[in-house]
Amino acid sequence: MKLKEIPEKIKKIKNIEIILAVIIGLIILIIYFLPASGSGTADNRGKTEAAKTDACSEAERLAQVLSCIKGAGEVTVMITYESDGELVPAYQQDISETKNTNGSQVTYSRSESNKLITVYEQGTATALILTEKKPQVKGVIVIAEGAADLTVRLNLF
């Protein structure tokens, strides 16, 4: 087969334009829906992954407990949250008050300033975290093999 014969054979295929358009469309969709490898910072990805592992471990623990119910069988649990939680940093609060007397007039002034407390670890500065507020649970889905039995279903609630 010669190179000159290939385009002629392709032209003989019925609806080749439609086939090529579909192939190009599929390639564009695949490229569009692939996740970008460099999106997000490493710190944000770490926090998100940590939150996901916490949520997964809570769901796994709940599934283990519910599977101990007689007749429940294998149990799968999914927990959804309102948000990702909140970190509460430490602040240093400086308050200064001054009193000025000018004859019969007395004036008071007060100024407040809040400064974020940072901790230096391995050359990077991070905020000192006082507490971490856990996210509020939005909903829980429980799937159990034995849920067809009404008694087991009521025990799972």
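Below, each value reflects all heavy atoms present in this structure, side chains not excepted, and no hydrogens, waters or symmetry copies. Positions are given from 1, in the same order as the sequence printed here.
- Rounded to the nearest 0.5 Å, atoms OG1 (Thr124) and CD (Gln122) are 6.5 Å apart.
- Shown here for Ala72 and Ala144, the closest heavy-atom pair between the two residues is O-CB, 3.8 Å.
- Listed by chain and number, the residues in a side chain to side chain contact (heavy atoms under 4.5 Å, CB included) with Leu154 are Leu150 (sequence neighbours excluded).
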Residues 108-115 side chain polar contacts: donor-acceptor under 3.5 Å, at least two apart:
{"residue": "Ser109", "atom": "OG", "partner": "Thr98", "partner atom": "OG1", "Å": "2.2"}
{"residue": "Arg110", "atom": "NE", "partner": "Glu112", "partner atom": "OE2", "Å": "3.2"}
{"residue": "Arg110", "atom": "NH1", "partner": "Glu97", "partner atom": "OE2", "Å": "3.1"}
{"residue": "Arg110", "atom": "NH2", "partner": "Glu112", "partner atom": "OE2", "Å": "3.0"}
{"residue": "Ser111", "atom": "OG", "partner": "Ser96", "partner atom": "OG", "Å": "2.6"}

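- Contact of the Val77 side chain with the Ile141 side chain is not registered, since no non-hydrogen atoms from C-beta on lie closer than 4.5 Å.
- To the nearest 0.5 angstrom, Leu66 atom CG is 13.0 Å from Glu74 atom CD.
- Side-chain contact between Asn100 and Val106 is absent, with no heavy-atom pair separated by less than 4.5 Å.
- Taking Ile, Leu, Val, Met, Phe, Trp and Tyr as members and joining any whose side-chain heavy atoms lie under 4.5 Å apart, directly or through other members, the hydrophobic cluster of Tyr91 also contains Leu116.
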> Should Val88 and Glu132 be marked as a side chain to side chain contact (heavy atoms under 4.5 Å, CB included) after you check the CA-CA gap, both sets of side-chain angles, and the distance that decides it?
Replying inline: CA-CA 6 Å; Val88 179; Glu132 179 179 353; over 6 Å; no

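- Within 6.0 Å of atom CD in Gln136, 12 or fewer heavy atoms from other residues, nucleotides or ligands are found, so the atom counts as exposed in its surroundings.
- Side-chain contact between Thr101 and Lys99 is present, with at least one heavy-atom pair separated by less than 4.5 Å.
- Interatomic distance, Gln92 CD to Leu128 CG, rounded to the nearest 0.5 Å: 11.5 Å.
- Between Val137 and Ile79, some side-chain heavy-atom pair lies under the 4.5 Å cut-off.
- Both Val140 and Tyr81 are members of a single hydrophobic cluster when ILVMFWY side chains are connected at heavy-atom separations under 4.5 Å.
- Contact check for Ile69 versus Val75: no side-chain heavy atoms found under the 4.5 Å cut-off.
- Between the CD1 atom of Ile117 and the CD1 atom of Ile129 there is a distance of 11.0 Å, given to the nearest 0.5 Å.
- Side-chain contact between Glu121 and Val119 is present, with at least one heavy-atom pair separated by less than 4.5 Å.
- Thr80 places a side-chain N or O within 3.5 Å of a backbone atom of Gly139 that can act as its donor or acceptor partner.
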